[in-house]
Amino acid sequence: MAKNFTSKSENYSQWYNELVIKADLAESSAVRGCMVIKPYGYSIWEKMQQGLDQMFKETGHENAYFPLFIPKSFFSKEASHVEGFAKECAVVTHYRLKMDENGKGIIVDPDAKLEEELIVRPTSETIIWDTYRNWIQSYRDLPLLINQWANVVRWEMRTRLFLRTAEFLWQEGHTAHSTEKEALEEALRMLDVYTDFAENYMAMPVLRGTKSANERFAGAIETFCIEALMQDGKALQAGTSHFLGQNFAKAFDVKFLSKENKQEYVWATSWGVSTRLIGALIMSHSDDNGLVLPPKLAPHQVVIIPIFKNDEDLAKITECITPIITQLRKLGIRVKFDNRDSQKPGWKFNEYEFKGVPVRLAIGLRDIENNVIEVARRDTLSKEQINIESVVEHIEKLLVDIQDNLFNNALARRAALTTEVNSYTEFIEVLDSKGGFISAHWDGTPETEEKIKQETKATIRCIPLDNNLEDGVCIYSGKPSIQRVIFARSY
RNA sequence: CGGGGUAUAGCGCAGUCCGGCUAGCGUACCUGCUUUGGGAGCAGGGGGUCGUAGGUUCGAAUCCUGCUACCCCGACCA
């Protein structure tokens, strides 16, 4: 339940919830741990979908759709995979309700018990690989590059709007290849796509790397990830791309006949990002005045607020602004002209600030006389008067500028919150004082990582891909280390 | 699942300890007039089975019991 708006310095969780609720993005549903995504929140997701989907298509992928329900037996095939998900699955056991004879209302009909339980997908690897077995016969059927936009359910113990809900929306790509090399390349290609999207659409810098064995996806040989840093110094895993080796091919018996006429198991990848990205976007840029959206993802990039006293004034303003709206739309800029007389200008200013609209124009009779329009930008909250003749050109540049500025600010913030440490004492001190990414030597063992996690709640977020090899000693065990890795407390 | 908190009008809350008049405040909503360049002012008005089920009582938002949901912190995870 929403409280009064508070500064993020006091309570980041509360600040975050306020943003989500007051900017009209989402709310908790009546179903435990699920969320209702409101139209404005969903339109941000749609923009994300559009951007990602285009990138997927450009890299040769196609969309398909697989069932929501997965027979329980499918889960017994890949052992480590089921271990990773079994604890948090919603299970369908019956298929009918009935009226209770003792007047207790609607009850589950005990006679309608399913022969085999159905699992509401926590991810679709199993059912997709079961399907792929029939789709793949020959090397000519490969590579198989498929993406699915879907909802999945994970019965998490603790939930949080957008960041970890019981049901969430995502895309999951599942590909099959004839060689290990090609599959590995695919996993890395999709990591590039995610990086591109995070940095150039969301204006959110990300670290690219591999996960340590402890953090690796259940059933994967290697998990690549992009890690973002939120304003409060906590890390957020923004996307993952997995190299699955032949684990799923073997578990689901997916073989192909090679050019050499030999039966071989296919090589696989999977990759996904979810509505968690909305949470990441909110926490990357927003301030105490509300949401701050990067132009590329903002449902409305420009909002125009006429200042008028009567219908006559509005008619004059409309006449003046209409050609500008037309020109902006021709450039593909998403413009909203809020000419409602049911709300006052001041109210609208605050409203669109809350919703994070990148550029706001205000125009009244006074401006028309002076041949100017007031242009306000959301990222810096600054305003200036621009000549009507040059306003379209100005806005076009301004949108690019805001997009860049948001990225650069986030990048600078991340740099300020990234620290190299060389001892465990220093590690703990930095973790508790400012948080953020901490670059430190690690001996490479899961045991050390686990102990650090238990003692400090910090985990290895990733081993950066372009890491410089550097001899050193593990901050925890003192054993030799060949490189620094990135630690952080995370969401 | 462990610890803490909350549930009263669309939203935010008071009232609950110590039971008692018609359940109140802010905001939002409706009507009218004045307003309109940073969340307008005045006047009038509508909206509540007090989360739910049961109990105690002449009488329950208030006391007792069960249940449910949500929020925060932890373990788990995208």
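Remember, it's a predicted structure, so these values are computed and weren't measured experimentally. In what follows, every chain begins at residue 1, and chains take the letters A, B, ... in the order their sequences are listed.
Toward the 5' end of RNA chain B, the nearer of the two residues A:Phe162 and A:Thr159, judged by each one's closest nucleotide, is A:Thr159. Between A:Glu450 and A:Phe308, the one whose closest nucleotide on RNA chain B sits nearer the 5' end is A:Phe308.
Contacts of A:Thr223 with the nucleic acid, taken as non-hydrogen atoms under 4.0 Å apart, are absent. Using a 4.0 Å heavy-atom cutoff across all strands shown, A:Gly279 reaches no nucleic acid atom at all. Within 4.0 Å (heavy atoms only), A:Glu156 reaches at least one base atom of the nucleic acid. Residue A:Lys383 is classed as a base contact, given a heavy-atom separation below 4.0 Å to a base. If you check every strand for non-hydrogen atoms under 4.0 Å, A:Leu277 touches nothing. Across all strands shown, A:Ser274 has heavy atoms under 4.0 Å from base atoms, whether or not it also approaches the sugar-phosphate.
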Any N/O pairs under 3.5 Å between the protein and nucleotides 39-43 of chain B? List them or say none.
| unit_1 | atom_1 | unit_2 | atom_2 | d |
| --- | --- | --- | --- | --- |
| B:G39 | O4' | A:Asn350 | ND2 | 3.0 |
| B:G39 | N2 | A:Trp347 | O | 3.2 |
| B:G39 | N2 | A:Trp347 | NE1 | 3.0 |
| B:A40 | O4' | A:Lys344 | NZ | 3.2 |
| B:A40 | N9 | A:Lys344 | NZ | 3.3 |

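Spacing between B:A23 and B:G59 at atom C1', rounded to whole Å, works out to 15 Å. With both ends at atom C1', the span from B:C50 to B:G45 equals 23 Å, rounded to whole Å. With both ends at atom P, the span from B:G3 to B:G54 equals 29 Å, rounded to whole Å. Straight-line distance between the C1' atoms of B:U68 and B:U56: roughly 23 Å, to the nearest whole Å. Between B:A14 and B:C30, the two C1' atoms lie 25 Å apart (nearest whole Å).
Partner assigned to B:C17 is none, using Watson-Crick or G-U wobble distances below 3.5 angstrom. Both distances falling under 3.5 Å, in either a Watson-Crick or a G-U wobble arrangement, place B:G32 opposite B:C42. Pairing for B:G74 goes to B:C1, judged as Watson-Crick or G-U wobble with the two contacts each under 3.5 Å. The base-pairing partner of B:U27, taking Watson-Crick or G-U wobble contacts with both distances under 3.5 Å, is B:G10. Base pairing annotation: B:A53 forms a Watson-Crick or G-U wobble pair with B:U65, both donor-acceptor distances under 3.5 Å.
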Can you give each donor-acceptor pair under 3.5 Å made by side-chain atoms of residues 375-382 of chain A, sequence neighbours left out, with the distance rounded to 0.1 Å?
| unit_1 | atom_1 | unit_2 | atom_2 | d |
| --- | --- | --- | --- | --- |
| A:Arg377 | NE | A:Asp379 | OD1 | 2.7 |
| A:Arg377 | NE | A:Thr380 | OG1 | 3.4 |
| A:Arg377 | NH1 | A:Asp401 | OD2 | 3.0 |
| A:Arg377 | NH2 | A:Asp379 | OD1 | 3.4 |
| A:Arg377 | NH2 | A:Asp379 | OD2 | 2.6 |
| A:Arg378 | NE | A:Leu291 | O | 3.2 |
| A:Arg378 | NE | A:Glu353 | O | 3.0 |
| A:Arg378 | NH1 | A:Asp287 | OD2 | 3.0 |
| A:Arg378 | NH2 | A:Asp287 | OD1 | 2.8 |
| A:Arg378 | NH2 | A:Gly290 | O | 3.2 |
| A:Arg378 | NH2 | A:Leu291 | O | 3.2 |
| A:Asp379 | OD2 | A:Asn405 | ND2 | 2.7 |
| A:Thr380 | OG1 | A:Ser382 | N | 3.4 |
| A:Thr380 | OG1 | A:Ser382 | OG | 2.7 |

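With hydrogens and angles ignored, no donor-acceptor pair under 3.5 angstrom links the side chain of A:Arg154 to the base of B:C77. At a cut-off of 3.5 angstrom, counting only N and O atoms as typed in the model, there is no donor on one side facing an acceptor on the other between the side-chain of A:Arg158 and the base of B:G2.
Of the N and O atoms on the side chains of A:Trp271 and A:Thr269, at least one donor lies less than 3.5 Å from an acceptor on the other residue. Between the side chains of A:Tyr12 and A:Asn17, not a single donor N or O lies within less than 3.5 Å of an accepting N or O.
Remark: aromatic rings of A:Phe243 and A:Phe224 are distant, center separation not under 6.0 Å. Side-chain rings of A:His81 and A:Phe248 approach one another, their centers coming within less than 6.0 Å.
Salt-bridge annotation for A:Arg340 and A:Asp338: present, with a side-chain N of the basic residue lying under 4.0 Å from a carboxylate O of the acidic one.
In terms of phosphate contacts, A:Ser13 brings a side-chain nitrogen or oxygen within less than 4.0 Å of OP1 or OP2 of B:C73. When the side-chain nitrogen and oxygen atoms of A:Asn17 are compared with OP1 and OP2 of B:C72, one or more of them lie within a distance under 4.0 Å.
Taking every side-chain heavy atom of A:Glu353 into account, B:G38 is the closest of B:C73, B:G38, B:U36. Checking B:C29, B:U36, B:C77 against every side-chain atom of A:Gln343, the shortest atom distance belongs to B:C29.
In this structure, A:Asp311 places its CG atom where only 12 or fewer heavy-atom neighbours from other residues, nucleotides or ligands lie under 6.0 Å away.
Residues A:Lys98 and A:Pro110 share a closest heavy-atom pair of CE-CD, 4.2 Å.
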